[in-house]
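A quick write-up on the structure given underneath.
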Amino acid sequence: MPVRVDRPADLAAFVGVGLRSEPFALAQSDVDRFVELSGDRQWIHSDVERAKLELPGGRTIVPGNLLLLRLPRLLQETYSVTHFEKCLVAEYRHVRFRHPVETNAPLVLQAEFLSVTPARNFVRVETACTIHLVETRKAALTLTVVDVFYDAR
């Protein structure tokens with residue numbers, strides 16, 4: 001169940017609590033749109049026929065940066081804050097692409113608030129994130145996200 005709070009500082013009550021997104025998968029059409037936008041045209045991402053013959057699972061590989069791109073949406077599935085002026089991503093720290101992800105492989109985000117630090121006009125929220133494969137529980141992407149929530153006026 002997603003965490004819902006009124007103000008960013010209220011997230012402090014959830015430091016150390018595990019959060020989880022709904023399972024999701026990235027289809028070849030998602031990869032194709034990302035490849036078109038990013039220009040990352042490695043055959044392992046886009047050549048379905050070659051992947052069937054040459055890659056161990058027979059499917060193309062999701063670009064790691066596409067996993068990273070999904071992170072804001074996934075975090076919004078795990079928690080929400082009602083009252084704030086704006087939220088900015090201040091930092092992605094310790095980004096590691098740990099295991100390749102085949103298209104259509106079920107994935108899930110697990111997250112945990114590491115710290116919630118109020119300051120004069122904002123609240124800094126540090127969140128440990130892992131996107132992992134549902135079937136094997138192998139981590140595909142790990143990182144720490146630092147968000148800054150500015151107070152509502």
Side-chain angles (χ1 to χ4, degrees), residues 1-5 8-48 51 54-57 59-81 84-119 121-150:
M1 178 128 126
V3 167
R4 305 223 186 280
V5 297
D10 299 339
L11 292 171
F14 297 95
V15 169
V17 174
L19 307 172
R20 184 179 169 103
S21 74
E22 291 296 319
F24 70 99
L26 294 163
Q28 186 62 48
S29 60
D30 299 317
V31 171
D32 292 343
R33 286 195 321 267
F34 179 80
V35 164
E36 182 63 31
L37 180 65
S38 69
D40 183 359
R41 301 194 192 289
Q42 294 185 66
W43 74 266
I44 61 171
H45 304 314
S46 56
D47 192 333
V48 174
E54 296 185 35
L55 292 178
R59 292 185 285 176
T60 58
I61 304 298
V62 173
N65 285 323
L66 178 52
L67 291 176
L68 198 57
L69 180 71
R70 286 295 303 260
L71 197 58
R73 175 190 278 182
L74 294 168
L75 283 170
Q76 289 172 16
E77 284 181 19
T78 65
Y79 78 93
S80 65
V81 178
F84 62 96
E85 181 183 339
K86 62 185 172 190
C87 178
L88 302 175
V89 175
E91 185 176 2
Y92 282 167
R93 204 182 306 149
H94 310 295
V95 176
R96 302 289 183 270
F97 301 104
R98 301 202 175 268
H99 193 274
V101 173
E102 295 176 341
T103 51
N104 299 313
L107 301 162
V108 69
L109 167 70
Q110 289 191 280
E112 179 181 322
F113 297 120
L114 299 176
S115 66
V116 177
T117 310
N121 295 322
F122 63 87
V123 176
R124 183 179 177 277
V125 178
E126 191 172 344
T127 310
C129 299
T130 301
I131 295 177
H132 66 80
L133 295 151
V134 171
E135 293 171 4
T136 63
R137 305 232 355 112
K138 288 185 179 179
L141 171 66
T142 60
L143 72 152
T144 301
V145 178
V146 178
D147 289 311
V148 177
F149 287 85
Y150 288 86

So [Y] and [X], do their side chains get closer than 4.5 Å, heavy atoms only?
| X | Y | value |
| --- | --- | --- |
| L19 | F14 | no |
| C129 | L75 | yes |
| V148 | F84 | no |
| L143 | L68 | yes |
| N65 | S38 | no |

Non-neighbouring partners of V31 that pass side-chain contact (heavy atoms from CB on, under 4.5 Å), sequence neighbours left out: Q28, V35, H45, V62, P63, L66, T103

What distance separates [X] [atom1] from [Y] [atom2], expressed to the nearest 0.5 Å?
| X | Y | atom1 | atom2 | result |
| --- | --- | --- | --- | --- |
| S80 | L11 | OG | CG | 9.0 Å |
| L107 | L74 | CG | CG | 9.0 Å |
| E77 | R70 | CD | CZ | 7.5 Å |
| T78 | R4 | OG1 | CZ | 9.5 Å |
| T60 | N104 | OG1 | CG | 8.0 Å |
| E85 | N121 | CD | CG | 9.5 Å |

Mind checking what makes ring pair (Phe, Tyr, Trp, His ring centres under 6.0 Å) contact with F24, not counting sequence neighbours? none

Test: salt bridge (charged side-chain N to carboxylate O under 4.0 Å, His left out). Region: residues 90-106. Which pairs qualify, not counting sequence neighbours?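 Of all non-adjacent pairs touching residues 90-106, those that pass salt bridge (charged side-chain N to carboxylate O under 4.0 Å, His left out) are R59-E102, E91-R93, R93-E126.
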
Pairs in or reaching into residues 10-32: which pass salt bridge (charged side-chain N to carboxylate O under 4.0 Å, His left out), with residues at least two apart or in two chains?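 Residue pairs with at least one partner in residues 10-32: D30-R33.
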
Nearest atoms (heavy-atom pairs only) where [X] meets [Y]:
| X | Y | result |
| --- | --- | --- |
| V116 | P8 | CG1-O, 3.8 Å |
| L133 | A105 | CD2-CB, 3.9 Å |
| A9 | P118 | CB-CG, 4.5 Å |

Under 3.5 Å, is there a donor-acceptor pair between the side chain of S115 and the main chain of T117?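 The answer is no, because no donor-acceptor pair under 3.5 Å joins these two groups.
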
So V108 and T130, side-chain contact (heavy atoms from CB on, under 4.5 Å) or not? Walk me through it. CA-CA 8 Å; V108 69; T130 301; over 6 Å; no

Do the rings of Y150 and F122 sit parallel, tilted or perpendicular, given the 30° and 60° boundaries?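 Judged by the thresholds at 30° and 60°, the geometry between Y150 and F122 is tilted.
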
Counterpart residues, salt bridge (charged side-chain N to carboxylate O under 4.0 Å, His left out), relative to D147 (two or more places apart):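 Residues passing salt bridge (charged side-chain N to carboxylate O under 4.0 Å, His left out) with D147: none at all.
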
So the ring-ring contact (aromatic ring centres under 6.0 Å, His included) pairs with at least one residue in residues 87-118 (sequence neighbours excluded) are Y79-F113

